[in-house]
Amino acid sequence: MTKQLITSALPYVNGLPHLGHMVGCLLPADVFARYLRAKGDDVLYICGTDEHGTVSEVGAAKENMPVESYCQKYHDQHVKMYQGFNLSFDYFGRTSSDQNKEITYRIFKALDKNDLIEERTTKQVYSPDDGRYLPDSYVMGTCPYCGYDKAKGDQCENCTKVLDPTDLINPRSVLSGSSNIEIRETKHLFLRLPKLEDELNQWIETKKGIWPDIAYSIAKKWLKEGLKERGITRDLKWGFAVPRPGFENKVFYVWFDAPIGYIGITKQWSDEKPTERHWEDWWLKPDEVHYTEFMGKDNIPFHTISFPATLKGTGENWKTVDFLKGMNYLNFAGGKFSKSAHRGIFLDDAIAEFPADYWRYWLIANAPESDDTNFSFDHFAAVVNKDLNDVLGNFINRVLKMTEKNFGAVVPPMGQPTTNEMELYQTLDTLITDYRKYMDGLEFRKAMATLREIWVAGNNYIAKTEPWKVVKENKDYAGTILATALNLIRLFGHISAPVMPESAEKMLAIIGEKLPFRFPTEPMKIYLTGIESGRAFAPCEPLFAKIAPERLEELKIKYKETEA
RNA sequence: CGCAGGGUAGAGCAGUCCGGUAGCUUGCCAGGCUCAUAACCUGGAGGUCGCGUGGUUCAAAUCCCGCCCCUGCAACCA
């Protein structure tokens, strides 16, 4: 049994998660985790909220809360929304946990011992009125190149020039608006990435042709340009205190302890049942584990360079990523999701409007794998209505109704297969092999297109065999057709389960089966005769409902799609 | 400016690595069927593959060169 470690990039606790977050790293990882479990692998799917950093500190201040309770509040919201989407984390933890602190210190000390940490004095913007140091992007002023008066300290949005906060004319704090800001010297710790460049380069080379091109090429690009020392501490209060004399008032930079959070959260998981769970089995026995990471495209450099360098620099035998799935962005009707304008679809709203499976299927079938993807309600409704309702839902409905009418609500006796059935077996064997191939390779769009083809094959079989005619002249063979079709419902349930867990459970409940579901491995000739004749089935209400045109117009207005 | 990804029927995508009659889904039109949820099945129309009427080649969506447009990154936002 293969041990499969899966992580989704940790969502930042302060952000209200929307469909873009869902499709970028959470949902594909969940589908993959469910698929591997159904195949029988030993899966550990880890995620959690990323909590440290300036944004949390400032956000808590704005809400007049202690930062710990602020993070707890938003962490709980994340948990609730992800439950609504049926994400099957083995553990959803927090980067602010004691366990993560322990691992972060352990890794830091190992890096320090290997002479990979150096002290540097840097100049930072300090705002006395805010009582804090300001990250570059929290300083606003007039761009010296184009005169734009809302340029930020890292880059001017108007002319795209990369800036230093000291370049700005009339600099002021984004937080308080105060122009009383000063430049202070402050000591920080840097990770000496250049010393790890060769080792990293050799490691990346072994991933050529294995990682997706985008991940490999981004990693190579950074290495080609030469790595720079990277600051790993910040002048903040919220975070893990830096365990070194003279750094008592500083904390680790969020990007240092956030990816380590994958490990820290795994330890949160194992600490709950220390006798049966061992985080070391997943992170310190690299040959026994296959590790897949999911992330948005903006996160690729951190997962291909910074985090692996952090682990390798310890000289210890940490597990590093085997396969990365980087996703592009989901846009809303050609624009951006906007929290402040409340434009776009946030997860709580999504679940209130439609069952999670509708969203899960659309998002995976249209995953932004090769380019950014636009969400529109028109497209969403078209896919739900056609694929889920017409192709899949109607298939189930017509089979159940026809069987019940002619044979009662039990599975009819299955006779010898004819050419029709043999052809069906052959078609499905091929399609299911393709489906597995795409799921194994994390090609989600192709996997979903194949899943749909499998559903269509069911309708084709019924159209070709015409059981409504056959029943009048050869009732035995009509029974065979419908028994085969009932077995198809079971198949559809089993193979749809990774992407649509709730609907799959309903499909299987119809023919009297329960969790856990196994992905079929036997030839269709055997599998499609698996249900014994005479087994009672439960006629059900339609599994899916169409989205009516009027509803569609309401949604467009409610979510301001038409304004975009 | 640099780097990366993308630009293929109305819409959404595959094909490009390794050149060989341009494919899929949806939408549209027509036919079939009438078990089923106005559904299902079959067929048809629709594209000078971003531009250079650029280069290589018997042959270019695919390889090479130049350019344009969209998106992201650019190490202190996370």
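Every chain is numbered from 1, with letters handed out A, B, ... down the list of sequences. All of these numbers come straight from a predicted model, not from anything done at the bench.
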### Message
Suppose we call two aromatic rings close when their centres sit under 6.0 Å apart. Are A/Phe240 and A/Phe256 close by that rule?
### Response
no
### Query
Which listed nucleotide (B/C76, B/A78, B/C40) is nearest to the side chain of A/Thr122?
B/C76
#### Entry: A/Lys475 to A/Phe407 six-membered ring, cation-pi geometry met (6.0 Å, 45°)
yes
### Task
State which of B/G12, B/C77, B/C76 makes the closest approach to the side chain of A/Val55.
B/C77
### Message
Tell me whether the side-chain N/O atoms of A/Lys297 come closer than 4.0 Å to OP1 or OP2 in B/A74.
### Response
no
### Task
Rounded to whole angstrom, note down the C1' distance from B/A78 over to B/G54.
45 Å
### Distance below 4.0 Å between A/Arg452 side-chain N/O and B/U25 OP1 or OP2
no
## Note on the structure
Quick note, A/Tyr253 side chain, CB onward, closest among B/C76, B/U26, B/A14 is B/C76
### Message
By nearest atom, which of the nucleotides B/G6, B/C40, B/U42 is closest to the A/Asp371 side chain?
### Response
B/G6
### Task
Tell me the stems RNA chain B sits in, counting at least three consecutive Watson-Crick or G-U wobble pairs, each under 3.5 Å on both distances.
B:2-7 with B:68-73, B:10-13 with B:23-26, B:28-32 with B:40-44, B:50-52 with B:65-67
### Task
Tell me which nucleotide among B/G15, B/A78, B/A75 gets nearest to the side chain of A/Trp222.
B/A75
#### Entry: A/Arg445 vs B/C13: side-chain N/O to OP1/OP2 distance below 4.0 Å
yes
### Message
With a 4.0 Å cutoff (strictly under), does any side-chain N or O of A/Lys123 reach OP1 or OP2 of B/C76?
### Response
no
### Spacing between A/Phe380 atom CZ and B/G27 atom P, to the nearest angstrom
16 Å
### Summary
Per atom distances to the A/Phe302 side chain, the nearest of B/A78, B/C76, B/U42 is B/A78
### Close aromatic pair by centroid cut-off 6.0 Å: A/His78 and A/Tyr82
yes
### Task
Over all heavy atoms of both residues, which pair between A/Ala309 and A/Leu193 is shortest? Give the atoms and the distance, please.
CB-CD2, 3.4 Å
Please enumerate all protein N or O atoms sitting under 3.5 Å from an N or O of nucleotides 33-35 of chain B, with distances to 0.1 Å.
unit_1: B/C35; atom_1: O2; unit_2: A/Arg398; atom_2: NE; d: 3.2
unit_1: B/C35; atom_1: N3; unit_2: A/Arg398; atom_2: NE; d: 3.4
unit_1: B/C35; atom_1: N3; unit_2: A/Arg398; atom_2: NH2; d: 2.5
unit_1: B/C35; atom_1: N4; unit_2: A/Arg398; atom_2: NH2; d: 3.1

### Query
Does OP1 or OP2 of B/C40 have a side-chain N or O of A/Tyr461 closer than 4.0 Å?
no
### Query
Do the two ring centres, one from A/Tyr438 and one from A/Phe444, sit under 6.0 Å apart?
no
### Query
B/A4 P sits how many Å from A/His303 NE2, rounded?
22 Å
### Query
Does OP1 or OP2 of B/A14 have a side-chain N or O of A/Ser370 closer than 4.0 Å?
yes
### Task
Check every atom of B/C76, B/A78, B/U26 against the side chain of A/Ala382 and return the nucleotide holding the closest atom.
B/U26
### Task
Return yes if some donor-acceptor pair links the side-chain N/O of A/Lys207 with the main-chain N/O of A/Thr304 below 3.5 Å, else return no.
no
### Query
Which nucleotide in the set B/C41, B/G12, B/A75 lies at the smallest distance from any side-chain heavy atom of A/Arg230?
B/A75
### Summary
Checking B/C76, B/A78, B/G72 against the side chain of A/Tyr329 (C-beta onward), the nearest is B/G72
### Query
Taking atom P of B/G12 as reference, at what distance in whole Å does atom CG of A/Asn385 sit?
19 Å
### Query
Would you say A/Asn331 reaches B/G72's phosphate, i.e. side-chain N/O to OP1/OP2 under 4.0 Å?
no
### Message
Quick check for you: among B/G72, B/A75, B/C76, whose closest atom lies nearest to any side-chain atom of A/Lys228?
### Response
B/A75
